[in-house]
Number of protein chains: 2
Amino acid sequence: MGASKKILFTPQQNRLAELAKALAHPARIAILEHLFRVNDCVCGDIVEAVPLAQSTVSQHLNELKKAGLIHGEIEGAKVCYALDPKAWADIKILLGRFLETPNCC
Amino acid sequence: MGASKKILFTPQQNRLAELAKALAHPARIAILEHLFRVNDCVCGDIVEAVPLAQSTVSQHLNELKKAGLIHGEIEGAKVCYALDPKAWADIKILLGRFLETPNCC
DNA sequence: TAAATTCATCGCAATATTACGATCAATTTT
DNA sequence: AAAATTGATCGTAATATTGCGATGAATTTA
């Protein structure tokens with residue numbers, strides 16, 4: 001075994017875990033921070049902003065896309081990546097609600 | 001290769017990724033939600049709240065411990081798990097600051 | 001003391017992630 | 001048209017994660 005057992009959890013729990021997973025790598029944090037800074041539509045200079053090989057960065061971009069956090073638009077030979085406002089609102093609500101639950105022992 | 005290259009990123013980026021990683025599994029979300037609900041010091045009934053084997057739950061608890069989000073205190077034969085208020089404040093600030101960065105394209 | 005409970009850890013297997021170089025298709029530039 | 005740029009994808013390899021049963025150490029209960 002070793003496959004994650006999504007069936008056993010609620011959609012909310014799975015979605016929250018999925019969003020967290022998208023943030024669970026410093027390179028992806030760095031990519032998102034870069035997209036924050038350059039809030040104009042930014043293209044593949046992301047590769048230069050992250051100290052990893054081009055193919056690796058491409059994979060990380062794909063994971064962010066799969067989670068719905070960003071989307072890329074083809075613009076000639078380049079691709080324009082941008083944050084997805086809808087998904088971003090989503091993550092704010094879900095994570096916000098999660099973090100603000102009254103806690104503690 | 002395959003090892004994560006922490007050296008290449010800032011401590012903040014690594015810590016944020018580490019915290020996100022701790023949340024990146026529905027079972028761990030479920031465990032934390034359970035600890036939220038039972039805000040009295042709760043003991044190992046966590047296993048019953050999560051539909052996985054005891055050994056697996058124990059591993060997830062250990063990952064939450066490693067990230068500093070919870071800590072367990074031995075109380076006789078049982079162990080009392082509770083949220084760590086300090087780490088929780090930490091995650092709120094780091095994730096909050098991250099999520100509230102002005103965005104978007 | 002013997003049996004039961006509680007929870008961590010070990011050993012194992014399956015799968016996922018991380019990373020890179022090489023390559024490919026598409027588009028630009030020369 | 002030929003060369004260069006851009007960025008996705010493939011192949012490969014190392015390592016991490018997920019999950020379970022079995023076992024073990026400690027404590028409780030009978």
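In what follows, every chain begins at residue 1, and chains take the letters A, B, ... in the order their sequences are listed.
Rounded to an integer number of Å, the gap from A:Asp45 CG to D:dT5 P is 16 Å. One interatomic measurement links the two molecules: CG of B:Asn14 to P of C:dT18, which rounds to 13 Å at whole-angstrom precision. Atom CD in B:Glu73 sits about 19 Å away from atom P in C:dT6, given to the nearest Å. Taking atom CG of residue B:Leu23 and atom P of nucleotide D:dT18, one finds them 12 Å apart after rounding to whole Å. Counting to the nearest Å, the P atom of C:dT17 and the CD atom of B:Glu18 are 19 Å from each other. Following rounding to the nearest Å, B:His25 (NE2) and C:dT15 (P) show an atom-to-atom distance of 15 Å. C:dT15 atom C1' lies 10 Å from atom NZ of A:Lys21, rounded to whole Å. In this structure, B:Arg28 atom CZ and D:dT18 atom C1' are separated by 9 Å, rounded to whole Å.
Closest to the A:Thr56 side chain, of the nucleotides D:dG21, C:dA19, C:dA8, is C:dA19. Of the listed nucleotides (C:dG21, C:dA22, C:dC7), C:dC7 has the atom at the smallest distance from the side chain of B:Gln54. Side-chain atoms of A:Leu52 lie closest to C:dC20 of the nucleotides C:dC20, D:dA8, C:dC7. The listed nucleotides are D:dC20, C:dC20, C:dA8; the one nearest the side chain of B:Ser55 is D:dC20.
What you find for A:Ala27 and A:Leu52 is that their closest heavy atoms are CB-CD1, 3.7 Å. Contact between A:Phe36 and B:Phe98 at its shortest, heavy atoms only, is CE1-O, 3.5 Å.
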Between N or O atoms, less than 3.5 Å apart, protein on one side and nucleotides 26-30 of chain D on the other: list the pairs.
{"residue": "D:dT27", "atom": "O3'", "partner": "B:Ala77", "partner atom": "N", "Å": "3.1"}

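Taking 4.0 angstrom as the limit, A:Ser58 places none of its side-chain polar atoms (N or O) nearer than this to OP1 or OP2 of D:dG7.
A search for side-chain hydrogen bond (donor to acceptor under 3.5 Å, both in side chains) contacts involving A:Ser55 returns nothing, not counting sequence neighbours. Looking at residues two or more places apart in sequence or on another chain, you find a side chain to side chain contact (heavy atoms under 4.5 Å, CB included) between A:Val79 and A:Ile74, A:Tyr81. Every salt bridge (charged side-chain N to carboxylate O under 4.0 Å, His left out) that B:Glu18 has, sequence neighbours left out, goes to B:Arg15. Applying the side chain to side chain contact (heavy atoms under 4.5 Å, CB included) criterion to B:Val47, with sequence neighbours excluded, gives B:Gln54, B:Val57. A search for side chain to side chain contact (heavy atoms under 4.5 Å, CB included) contacts involving B:Gln12 returns B:Thr10, not counting sequence neighbours.
Listed for the B:Asp45 side chain is no donor-acceptor partner under 3.5 Å among the backbone atoms of B:Glu48.
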Its dot-bracket string being built from Watson-Crick and G-U pairs below 3.5 Å, with | for another strand and [ ] for crossing, DNA chain C has the pattern ||||||||||||||||||||||||||||||
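If you check residues 59-70 of chain B against DNA chain D, the residues with a heavy atom closer than 4.0 Å are B:Gln59, B:His60, B:Glu63, listed by number.
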Practice item. Apply side-chain contact (heavy atoms from CB on, under 4.5 Å) to A:Leu23 and A:Leu32, showing your working. Key: CA-CA 9 Å; A:Leu23 304 181; A:Leu32 291 171; 3.5 Å; yes
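Residue pairs that meet the side chain to side chain donor-acceptor pair (under 3.5 Å) test with at least one member in residues 59-68 of chain B, sequence neighbours left out, are B:Arg28-B:His60.
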